[in-house]
Protein chains: 2
Amino acid sequence: MLTIGTLAKRTGTKVQTIRYYEQIGLLPEPGRSAGGQRRYGDSELDRLSFVRHARQLGFSLDAIRELLDLSDHPDKSCAEADAIARRQLKQVEQRMARLEALRTELQRMVHECSGGHTADCRVLEVLRDHSECLTDHDEIGA
Amino acid sequence: MLTIGTLAKRTGTKVQTIRYYEQIGLLPEPGRSAGGQRRYGDSELDRLSFVRHARQLGFSLDAIRELLDLSDHPDKSCAEADAIARRQLKQVEQRMARLEALRTELQRMVHECSGGHTADCRVLEVLRDHSECLTDHDEIGA
DNA sequence: TTTACACCCTCTAGCTACTGTAGGTTCAAG
DNA sequence: CTTGAACCTACAGTAGCTAGAGGGTGTAAA
């Protein structure tokens, strides 16, 4: 039987995060000690590891909920899990493409800056004049 | 004199977002019509364009605040603006490296999935077994 | 002039995925 | 039996918006 702190250490999660996952129903309510403290077994350890690993791969908590549900029903078709993973892959690829454009523009800004006064700063100039920009006007926060 | 809606359209920003920027002090309080509606001029248009462009490049609102301040003081040294941009570039490069690792693992998951039942799903299996994983145990959400 | 309707106003709450704090209780070692 | 680390609940805060309620304004046509 593990305490919440031990579980946290084993999975690289903060204690609060574990309680949060329980609160939003991602982890089941665990057993308690006589004094009311949470006590975990191996199944909870596995489940939390699954969640953390999926988070590290960038899956949203909603996606993880679906994946957990699929994992709990071994007879269901694999297609759904596959679709979720493909969706995630696509998102990652889109983000990478977007970041690459950003990197290019940032590099340009930085390389062209000569280091004088802000009046002639290339960095600020580029930010001021959107017309020189390579990236377009759509989504922020890729 | 522009209404907030016009300003929003011209800069590709939502009306609410403009009011939000004003609220957190990123944009100055504009003049008002007799009836109390916001009216903007060209300087506000420029300032908002600057903000949006910087946001598109992934700068945080705090970083943008600094950049705006530098932009308002043409005699200051350019070094600070340069440092902010370099910091941002570094962050973008880190995120890209991280996403590349994710992409690799996601591709592996997806390619190895044969499409049967979830019991044998490669996607779920990889998530379950962290030891097969190439990415390490640190930050989430790169 | 009235009326229609798009647009504007403030205020508040909600989103994701946590993280931190306050004020108190439990557990295990010594 | 005492100490101190670890636990408990409950609530507030983070970034950067976004959405909704409930009402007021501005302008153009009838």
Side-chain angles (χ1 to χ4, degrees), chain A residues 1-27 29-40 44 48 50-68 87-88 91 95 138-142, chain B residues 1-27 29-40 44 48 50-68 87-88 91 95 98 137-142:
Chain A
M1 283 297 153
L2 309 169
T3 64
I4 196 169
T6 313
L7 185 66
K9 252 170 234 156
R10 293 253 186 108
T11 56
T13 316
K14 300 216 167 176
V15 167
Q16 264 99 321
T17 305
I18 297 175
R19 290 199 278 248
Y20 170 70
Y21 286 163
E22 179 186 327
Q23 193 190 303
I24 62 168
L26 208 60
L27 297 179
E29 290 186 23
R32 301 271 181 155
S33 72
Q37 299 192 352
R38 290 171 180 78
R39 291 298 126 98
Y40 296 93
E44 280 108 329
L48 181 55
F50 185 105
V51 170
R52 293 311 281 177
H53 192 183
R55 283 296 296 134
Q56 277 160 20
L57 288 169
F59 288 96
S60 71
L61 293 182
D62 268 0
I64 292 171
R65 225 186 282 271
E66 291 182 68
L67 289 168
L68 280 169
R87 211 165 61 206
Q88 182 60 23
Q91 220 179 78
R95 270 190 225 164
D138 46 289
E139 351 143 44
I140 277 179
Chain B
M1 283 296 154
L2 310 169
T3 63
I4 196 169
T6 313
L7 186 66
K9 253 170 232 155
R10 292 253 187 107
T11 56
T13 315
K14 301 217 166 174
V15 166
Q16 264 101 320
T17 305
I18 297 175
R19 288 200 277 250
Y20 170 71
Y21 286 164
E22 180 187 328
Q23 194 191 303
I24 62 169
L26 208 58
L27 298 179
E29 290 185 25
R32 300 272 180 155
S33 73
Q37 299 191 354
R38 289 170 181 80
R39 290 297 125 99
Y40 296 94
E44 281 107 330
L48 181 54
F50 185 104
V51 171
R52 294 309 282 176
H53 192 182
R55 283 295 296 133
Q56 277 160 21
L57 287 170
F59 288 96
S60 71
L61 293 182
D62 269 359
I64 292 170
R65 224 186 281 272
E66 291 182 67
L67 290 167
L68 279 169
R87 212 166 59 206
Q88 182 61 23
Q91 221 179 76
R95 272 191 225 161
R98 177 117 185 99
H137 227 241
D138 47 290
E139 347 145 45
I140 277 180

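The chains referred to below are lettered A, B, ... by the order of the sequence lines, with proteins before strands, and numbering in each begins at 1. Just the heavy atoms: all of them, side chains too, but no hydrogens, waters or symmetry mates, feed the values below.
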Options D/dC17, C/dA17, D/dG16, nucleotide nearest the side-chain atoms of B/Arg52: D/dC17
side-chain hydrogen bond (donor to acceptor under 3.5 Å, both in side chains) partners for B/Arg19, two or more places apart: none
Residues which pass side-chain hydrogen bond (donor to acceptor under 3.5 Å, both in side chains) with A/Thr3, listed by chain and number, not counting sequence neighbours: A/Thr6
Sugar-phosphate only, base, or nothing, as touched by A/Ile24 at under 4.0 Å among non-hydrogen atoms: nothing
Ignoring backbone atoms, establish whether [X] has a side-chain N or O less than 4.0 Å from OP1 or OP2 of [N].
X       : N      : value
A/Arg38 : D/dT9  : yes
A/Arg55 : C/dC18 : yes
B/Thr3  : C/dC8  : yes
B/Arg65 : D/dG16 : no
B/Tyr21 : D/dC17 : yes
A/Thr17 : C/dC18 : no

Residue pair B/Gln91 / B/Arg95, side-chain donor-acceptor N/O under 3.5 Å: yes
In whole angstrom, what separates [X]'s [atom1] from [N]'s [atom2]?
X       : N      : atom1 : atom2 : answer
A/Tyr20 : D/dG13 : OH    : P     : 18 Å
A/Leu27 : C/dA17 : CG    : P     : 14 Å
B/Leu57 : D/dG16 : CG    : C1'   : 17 Å
B/Met1  : D/dG26 : CE    : C1'   : 17 Å
A/Gln56 : C/dC18 : CD    : P     : 11 Å
B/Ile4  : C/dA6  : CD1   : P     : 19 Å
A/Glu29 : D/dT9  : CD    : C1'   : 14 Å
A/Ile18 : D/dA6  : CD1   : C1'   : 13 Å

Summary of protein contacts for nucleotides 20-30 of chain C, nucleotide by nucleotide, where a base hit scores B, a sugar-phosphate-only hit scores S (4.0 Å, heavy atoms): BB----SS---
All side chain to side chain contact (heavy atoms under 4.5 Å, CB included) counterparts of [X], not counting sequence neighbours:
X       : result
B/Glu44 : B/Pro30, B/Tyr40
B/Phe50 : A/Leu124, A/Leu127, A/Arg128, B/Leu67, B/Leu68, B/Ser71
B/Tyr20 : B/Ile24, B/Leu61

Distance-minimising heavy-atom pair for A/Gln56 and B/Arg98: O-NH2, 3.5 Å
